[in-house]
Trainee: 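Sending over a structure as structure tokens; questions will come in a sec.
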Number of protein chains: 2
Amino acid sequence: MKLSTKGRYGVKAMFELALSTALNDEPVSIKMIAEKQNISEYYLEQLFASLRKAKLIKSIRGAQGGYVLAKPPKDITVADILNVLEGPVEISDCISDEDSSCSRSGYCATRLLWIKIYDSVNQVINSITLQDMLNDYYEMQKTNILQRGE
Amino acid sequence: MKLSTKGRYGVKAMFELALSTALNDEPVSIKMIAEKQNISEYYLEQLFASLRKAKLIKSIRGAQGGYVLAKPPKDITVADILNVLEGPVEISDCISDEDSSCSRSGYCATRLLWIKIYDSVNQVINSITLQDMLNDYYEMQKTNILQRGE
DNA sequence: AGATATCCTATCTTTTTACTCGGAATTCGA
DNA sequence: TCGAATTCCGAGTAAAAAGATAGGATATCT
């Protein structure tokens, strides 16, 4: 069970936008993020297209353009991002699909299991916002400075 | 984020073996399970080969042979099964890999996120054993009988 | 002996993932 | 107004993973 690069790149990129929002609210270009993360510009472009259609980010076209978050970081959860890029978390079909094969006698015990895993993941990603990640990040920086004297 | 059929078929099949263990301790053949679950015998055979090598099940060859659990249901967790069939749960590389790209400045916040999701999933699957699933199943049957009169 | 199973390895198809490309449209700044 | 920077859009493609199939060897029960 692993996220694809879409989810991983996407969350990192959104975090990048959140950092910029907090700092100076200037648009960030795909090029800059792609360089920072060392990934393909073209590929990231596609991810951003999805995020824009889902209204999580806004684009500013033309020179010196780029992207900004469409909402404050506190109003964007990790689940919002992952749902767009990875599709909804579905451990197994039979969570939603009542009439699938696993609704037969004897298989409900596994269905209950999938639901437990599903709930667990969703509880985490629904509760963590970009703002929370920013806070963690600031906290981490502070700690590092104290410990390493950098 | 979704389990592949390997994980889903595998857990269901192991549950099937657990039911048999509890009932009469007789070996169950691949054919029986494949029919019950309506999936390919050949495919299931491969999954069982992995589970056997991981010593989660034992095989009994020859006519009237089949498979049985290698340990009591209470000693087999869902994580044991999923680790064999899906590989370990890795939300992202950078949980384990300290020197990956995400260890650069600015990306540690996402790493923390992956760890939180990872821990959450693992907590669930490590804590649920086949015995727990059996208990849930018996409980569910009891309730259904009372409610539906079947 | 014959039926029933596992065991082992190889192959094949389909789907998904990850990535690339070319060019149009838009906007800023000089 | 020109040109550079940038998003926007649709198409294409290579590699990997998932899912499934096949055939024959080996073991064991009746």
Side-chain angles (χ1 to χ4, degrees), chain A residues 1-13 17 20 26-35 37-70 82 84-88 90-93 101, chain B residues 1-10 12-13 16-17 20 26-35 37-70 82 84-88 90-93 101:
Chain A
M1 195 161 35
K2 191 173 174 177
L3 288 178
S4 70
T5 56
K6 283 186 190 172
R8 285 182 281 139
Y9 294 172
V11 171
K12 277 191 196 175
L17 295 189
S20 163
E26 274 180 13
V28 186
S29 71
I30 282 180
K31 199 175 180 184
M32 286 179 61
I33 296 182
E35 273 172 14
Q37 296 190 5
N38 199 31
I39 60 174
S40 153
E41 240 180 280
Y42 298 110
Y43 189 46
L44 194 56
E45 199 179 301
Q46 289 174 7
L47 306 189
F48 272 41
S50 302
L51 292 168
R52 186 175 55 82
K53 278 168 197 155
K55 295 197 197 304
L56 295 181
I57 59 180
K58 276 187 301 192
S59 64
I60 292 148
R61 300 186 67 172
Q64 277 67 54
Y67 294 89
V68 292
L69 295 182
L82 293 182
V84 170
L85 298 175
E86 302 265 341
E90 284 182 57
I91 301 303
S92 168
D93 293 330
S101 62
Chain B
M1 196 160 38
K2 192 172 173 177
L3 288 179
S4 70
T5 56
K6 284 185 188 170
R8 286 183 280 139
Y9 292 172
K12 277 191 197 176
E16 215 54 56
L17 294 189
S20 164
E26 275 179 12
V28 186
S29 71
I30 283 180
K31 199 175 180 184
M32 285 178 63
I33 296 182
E35 272 173 14
Q37 296 189 8
N38 199 32
I39 60 175
S40 154
E41 242 180 278
Y42 298 109
Y43 191 45
L44 195 56
E45 200 179 300
Q46 291 174 11
L47 306 189
F48 272 42
S50 303
L51 292 168
R52 186 175 54 83
K53 280 168 196 155
K55 297 196 193 306
L56 295 180
I57 59 180
K58 276 187 300 192
S59 65
I60 293 150
R61 299 187 67 170
Q64 276 67 54
Y67 294 89
V68 293
L69 296 183
L82 293 183
V84 171
L85 298 175
E86 302 264 341
E90 284 181 57
I91 300 304
S92 170
D93 294 328
S101 62

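Per chain, numbering begins at 1; letters A, B, ... match sequence-line order.
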Trainee: Check every atom of dA18(C), dC19(C), dT21(D) against the side chain of Ser40(B) and return the nucleotide holding the closest atom.
Mentor: dT21(D)

Trainee: Can you check the Ile30(A) CD1 to dC9(D) P distance for me, whole Å?
Mentor: 12 Å

Trainee: Heavy-atom nearest nucleotide on DNA chain C for Gly62(A) versus Lys6(A): which residue maps closer to 5'?
Mentor: Lys6(A)

Trainee: So, the side chain of Glu16(B) versus the backbone of Ile33(B): is there a donor-acceptor pair under 3.5 Å, distance only?
Mentor: no

Trainee: Identify the heavy atoms of Gly7(B) and Leu82(B) that sit nearest to each other, and give their distance.
Mentor: CA-CD2, 3.8 Å

Trainee: So, is Tyr9(A) near the phosphate of dC19(C), with a side-chain N or O under 4.0 Å from OP1 or OP2?
Mentor: yes

Trainee: Do the side-chain N or O atoms of Thr5(A) get closer than 4.0 angstrom to the phosphate oxygens (OP1, OP2) of dA18(C)?
Mentor: yes

Trainee: Counting distance alone, no hydrogens or angles: does the base of dT20(C) have a donor or acceptor under 3.5 Å from a partner atom on the side chain of Gln46(A)?
Mentor: yes

Trainee: Taking the side chain as every heavy atom from C-beta outward, state whether Gln37(A) and Arg8(A) have any atom pair closer than 4.5 Å.
Mentor: no

Trainee: Would you check if the side chain of Glu41(A) reaches a backbone N or O of Ile30(A) as a donor-acceptor pair within less than 3.5 Å?
Mentor: no

Trainee: May I ask you to say what Glu45(A) touches in the nucleic acid, namely base, sugar-phosphate or nothing, with a heavy-atom cut-off under 4.0 Å?
Mentor: base

Trainee: Could you tell me whether the side chain of Arg61(A) has a donor or acceptor atom within less than 3.5 Å of a complementary atom in the base of dT7(D)?
Mentor: yes

Trainee: Expressed in angstrom and rounded to an integer, what is the separation of Lys2(A) atom NZ from dA16(D) atom C1'?
Mentor: 13 Å

Trainee: Counting only side-chain nitrogens and oxygens, does Tyr42(A) get under 4.0 Å of the OP1 or OP2 atom of dG12(D)?
Mentor: no

Trainee: CD of Gln64(A) versus C1' of dG3(D): gap in Å, rounded?
Mentor: 12 Å

Trainee: To the side chain of Arg52(B), which of dC29(D), dA4(D), dC7(C) is closest?
Mentor: dC7(C)

Trainee: On DNA chain D, check which nucleotide each of Leu44(B) and Glu86(B) is closest to and give me the residue with the more 5' one.
Mentor: Glu86(B)

Trainee: Is any side-chain N or O of Ser4(A) closer than 4.0 Å to OP1 or OP2 of dT16(C)?
Mentor: no

Trainee: Just by modelled atom types, is the Arg61(B) backbone N or O under 3.5 Å from a matching donor or acceptor in the Ser59(B) side chain?
Mentor: no

Trainee: Of the candidate nucleotides dT30(D), dC8(D), dC28(C), which contains the atom at the shortest distance from the side chain of Tyr67(A)?
Mentor: dC8(D)

Trainee: Rounding to a whole Å, what distance do you find between Met32(B):CE and dT6(C):P?
Mentor: 11 Å

Trainee: So, OP1 or OP2 of dA22(D): does either fall under 4.0 Å of a side-chain N or O from Tyr43(B)?
Mentor: no

Trainee: Rounded to the Å, how far apart are Leu85(A) CG and dC19(C) P?
Mentor: 14 Å

Trainee: Go through dG23(D), dT4(C), dT6(D) for me and flag the one nearest to the Ser29(A) side chain.
Mentor: dT6(D)

Trainee: Any side-chain N or O of Ser59(B) less than 4.0 Å from the OP1 or OP2 oxygen of dC7(C)?
Mentor: yes

